[in-house]
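Worksheet: one structure, shown below.
Note: hydrogens, waters and symmetry copies are ignored here, and every other heavy atom, side chains too, is used.
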Amino acid sequence: MMKRKKLIELRLKKQSPAKQKELLISAFFFICIVGLLLLFFLKVRTHRIDGNSMNPTLHNSDRVVVWKTDELKRYDLITFTPDDTPDESYIKRVIGLPGDRIWVEGNALFINYQMEDSEPERDLPAKELPDGTVKVTITEKVWNELEHLEVIPADCYFVLGDNRTHSTDSRHLGFIRSEQVEGTAVFCYYPFSSIGTIN
């Protein structure tokens, strides 16, 4: 037994420096590849679109790649889990970001990201609204949640479907919180005729 152990030790000692360097480089690349694969699978998810709320950008049965990110930008397409149906995911477009000015008149919500802190004038005709103002009709439930607010709170987003007449979004759900967000839809991989980045 002792002889065998000494023989193995001698063989290890006899490896050339070039061979040892080659083994170290191989181990380094293996660790890097495993690390990148783990990062990819932790940061990426796939989803199948169900419904027509994102027409014409995305269609029923399209399949998309979602990249997990904490930095959302205006007009990003995001997937999120609604509070009332935690086993589902919705995909919508970010319209309002934290800090955007908001105000409610009747059942209408106005969002403006260009306004200063000044109080918006009430009952303005549409053509006189400040530049960049978005006006949407909201449900009574959402109105009750938002009517006392002047800006979109931190870590909250107002989202809409591109096909507004067939979309359940922030007009019905209220703000989407950052912890509900799964990530940003960045790429459509099916059907093959629609392969490409998503705008």
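Under the salt bridge (charged side-chain N to carboxylate O under 4.0 Å, His left out) criterion, the residue pairs touching residues 181-199 are Arg45-Glu182, with sequence neighbours excluded. Note on residues 155-165: pairs passing salt bridge (charged side-chain N to carboxylate O under 4.0 Å, His left out), not counting sequence neighbours, are Arg93-Asp162.
Among residues two or more places apart in sequence or in another chain, the side chain to side chain donor-acceptor pair (under 3.5 Å) test is passed with Arg74 by Asp100. Checked against side chain to side chain contact (heavy atoms under 4.5 Å, CB included), Val136 has the following partners two or more places apart in sequence or in another chain: Leu109, Val134, Ile138, Phe158, Leu160, Arg171. Remark: Asn163 engages Thr165 in a side chain to side chain donor-acceptor pair (under 3.5 Å) (not counting sequence neighbours). Under the salt bridge (charged side-chain N to carboxylate O under 4.0 Å, His left out) criterion, Glu71 pairs with no residue at all, not counting sequence neighbours. Annotation: side chain to side chain donor-acceptor pair (under 3.5 Å) contacts of Glu88 (sequence neighbours excluded): none. Residues that satisfy the side chain to side chain donor-acceptor pair (under 3.5 Å) test with Lys141, not counting sequence neighbours, are Glu145. Taking Asn60 as the reference, Asp50, Asn52 meet the side chain to side chain contact (heavy atoms under 4.5 Å, CB included) condition, with sequence neighbours excluded. With sequence neighbours excluded, the residues satisfying ring-ring contact (aromatic ring centres under 6.0 Å, His included) with Tyr90 are Phe80. For Asp83, the salt bridge (charged side-chain N to carboxylate O under 4.0 Å, His left out) partners at least two apart in sequence or on another chain are Arg177.
By the neighbour-count criterion of 12 heavy atoms within 6.0 Å, atom NE2 of His172 is densely surrounded, having more than that number from other residues, nucleotides or ligands. No more than 12 heavy-atom neighbours from other residues, nucleotides or ligands sit within 6.0 angstrom of CD on Glu140. Asp84 CG: more than 12 foreign heavy atoms inside a 6.0 Å radius.
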Side chains of residues 183-199: which donor-acceptor pairs under 3.5 Å do they make with residues two or more places apart or in other chains?
none

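Taking 4.5 Å as the limit, some side-chain heavy atom of Val44 sits within range of a side-chain heavy atom of Val65. For the pair Tyr113 and Arg101, the minimum side-chain heavy-atom distance is 4.5 Å or more. The closest side-chain heavy-atom distance from Leu58 to Ile91 is below 4.5 Å. Residues Ser170 and Val142 fail the side-chain proximity criterion, which asks for heavy atoms closer than 4.5 Å. Counting only heavy atoms from C-beta outward, the side chains of Ile111 and Thr133 never approach each other to under 4.5 Å. Counting heavy atoms from C-beta on, the side chains of Trp143 and Asn107 never come closer than 4.5 Å. Between Phe175 and Leu149 there is a side-chain heavy-atom pair separated by less than 4.5 Å. The side-chain heavy atoms of Val94 and Tyr75, taken from C-beta on, include no pair separated by under 4.5 Å.
Between Gly132 and Gln114 the shortest heavy-atom distance is N-OE1, 3.4 Å. Across every non-hydrogen atom of Thr85 and Pro82, the tightest pair is OG1-CG, 3.1 Å. The minimum heavy-atom distance between Asn55 and His59, with the atom names listed, is OD1-CD2, 3.3 Å. Taking each heavy atom of Ala154 and Pro98 in turn, the nearest pair found is CA-CB, 4.0 Å.
The NZ atom of Lys73 sits 7.5 Å away from atom OG1 of Thr69, with the distance rounded to the nearest 0.5 Å. Between the CG atom in Leu72 and the CG atom in Leu77 there is a gap of 11.0 Å [rounded to 0.5 Å]. Note that CD1 of Ile176 is 9.5 Å distant from NZ of Lys92, once rounded to the nearest 0.5 Å. Note that the OG atom of Ser89 and the CD atom of Gln180 stand 11.0 Å from one another [nearest 0.5 Å]. Expressed to the nearest 0.5 Å, how far CD of Glu179 lies from OG1 of Thr81 amounts to 11.0 Å.
Ile95 and Tyr157 fall into different hydrophobic clusters, where Ile, Leu, Val, Met, Phe, Trp and Tyr residues are linked whenever their side-chain heavy atoms come under 4.5 Å apart, directly or through other members. Grouping the Ile, Leu, Val, Met, Phe, Trp and Tyr side chains by contacts below 4.5 angstrom, directly or via other members, places Val64 with Met54.
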